[in-house]
There are 2 protein chains.
Amino acid sequence: MNPDRTLAALCKALGNPARVAILRHLLQVDRCICGEIVNILPLAQSTVSQHLKQLKEAGLIRGEIEGPRICYCADKERLAELKHLISEL
Amino acid sequence: MNPDRTLAALCKALGNPARVAILRHLLQVDRCICGEIVNILPLAQSTVSQHLKQLKEAGLIRGEIEGPRICYCADKERLAELKHLISEL
DNA sequence: ATCGTATTTCGTAAAAATACGATAATGATC
DNA sequence: GATCATTATCGTATTTTTACGAAATACGAT
């Protein structure tokens, strides 16, 4: 993809404080289940699920099914790509 | 402001390919008048003006009145703040 | 097979973003 | 003062985002 579009898509995914908080938390704890994120944020569980979906679509996080729950983790390679695109601005 | 909010606001401002292109261009040419940006992008003049407004509100660019036209330039300090906030993720 | 927990998806409403053309505002020039 | 060039703002339509509760799905345990 065109670098402007890639950067815009990544930035758009982080263009909401809740999603920034989610990513930051996942980077701190390395990995955690969805429910933990729901507890941290003052948002309904379905809303958090949507934010997770957007982050996942942007490639910034991944979710692995782990029994009855889903374990999320940050995709550090994708984050590195964002860092690179921003830093070369 | 809360760092999550600051980062989200900055990212939101870059969450559109046209705005990324505008910022990138301003960084390349250092400074240029609004009309030049309008010529580069495949968008109506009023639309470009709105994008410029958003970038200005986010603090990423500044506009100085220069006779009948307006000269825009990137705010490198603000950009540095974005780079810092992203890099420390 | 049923139940309980965890998560997503659906339906929906309200707000914001995007884009355009038309109009207004500003400043230089005649 | 009229006019031209440049840019912002207004009005509007369409799309997207954000948020919620309710319903569906998936899985483990009983």
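All values reported here derive from a predicted model rather than from experimental measurement. Letters go in sequence order (proteins before strands), and every chain restarts at 1.
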Output a table of donor-acceptor pairs, distance under 3.5 Å, between side-chain atoms of residues 81-89 of chain A and any protein atom two or more places apart or on a different chain; print 'none' if there are none.
residue	atom	partner	partner atom	Å
A:Glu81	OE1	A:Arg78	NH1	2.8
A:Lys83	NZ	B:Ser87	O	3.3
A:Ser87	OG	A:Lys83	O	3.2
A:Ser87	OG	A:His84	O	3.0

Nearest heavy atom decides the nucleotide; on that basis, is A:Ile65 or A:His51 closer to the 5' end of DNA chain D? A:His51
Rounded to the nearest angstrom, tell me the gap between atom CG in B:Leu43 and atom P in C:dG21. 11 Å
Checking C:dT7, D:dT7, C:dC20 against the side chain of B:Thr47 (C-beta onward), the nearest is C:dC20
Can you measure B:Leu41 atom CG to C:dC20 atom P for me and round it to whole angstrom units? 11 Å
Where A:Leu60 and A:Ala13 come nearest, the two heavy atoms and their spacing: CD1-CB, 4.0 Å
Check: B:Cys32 and B:Leu26 side chains under 4.5 Å, non-hydrogen atoms: yes
Starting from P on D:dT7, measure out to CD1 on B:Ile70 and report it in whole angstrom. 7 Å
Given atom CZ of B:Arg5 and atom P of D:dT18, what is their separation to the nearest angstrom? 13 Å
Please tell me which of the listed nucleotides, D:dA8, C:dT7, C:dG21, lies nearest to the side chain of A:Tyr72? C:dT7
Take a 6.0 Å sphere around CD1 of B:Ile65 and say whether it holds more than 12 heavy atoms from other residues, nucleotides or ligands. no
To the nearest 0.5 Å, what is the distance between CD1 (A:Ile37) and CD1 (A:Ile70)? 10.5 Å
Using the criterion of both pairing distances under 3.5 Å for Watson-Crick and G-U wobble pairs, give all stems of 3 or more consecutive pairs involving DNA chain D. C:1-30 with D:1-30
From CD of B:Glu64 over to P of D:dA8, roughly how many Å is that when rounded to an integer? 13 Å
A:Arg69 CZ to C:dG4 P, in whole Å, measures 17 Å
Ordered by number, residues from residues 10-39 of chain A within less than 4.0 Å of DNA chain D (heavy atoms) are A:Lys12, A:Asn16, A:Arg19
Euclidean distance, atom CG of residue B:Leu55 to atom P of C:dA17 [Å, nearest integer]: 13 Å
Tell me, do A:Ile61 and A:Asp75 make a side-chain contact under 4.5 Å, heavy atoms counted? no
Please determine whether residues A:Ile40 and A:Tyr72 belong to a single hydrophobic cluster, defined as Ile, Leu, Val, Met, Phe, Trp and Tyr linked transitively by side-chain heavy-atom distances below 4.5 Å. yes
Between CD of B:Gln54 and P of D:dA8 the distance, given in whole Å, is 13 Å
Say whether A:Leu27 and B:Leu7 are linked into one hydrophobic cluster, either directly or through other cluster members, by side-chain heavy-atom distances under 4.5 angstrom. yes
Which of the following nucleotides, D:dT7, D:dT9, C:dT9, is nearest to the side chain of A:Ser49? C:dT9
Of the nucleotides D:dA19, D:dG11, D:dA8, which one has an atom closest to the side chain of B:Gln50? D:dG11
Do you reckon B:Val38 sits in the same ILVMFWY cluster as B:Ile33, going by side-chain contacts under 4.5 Å, direct or chained? no
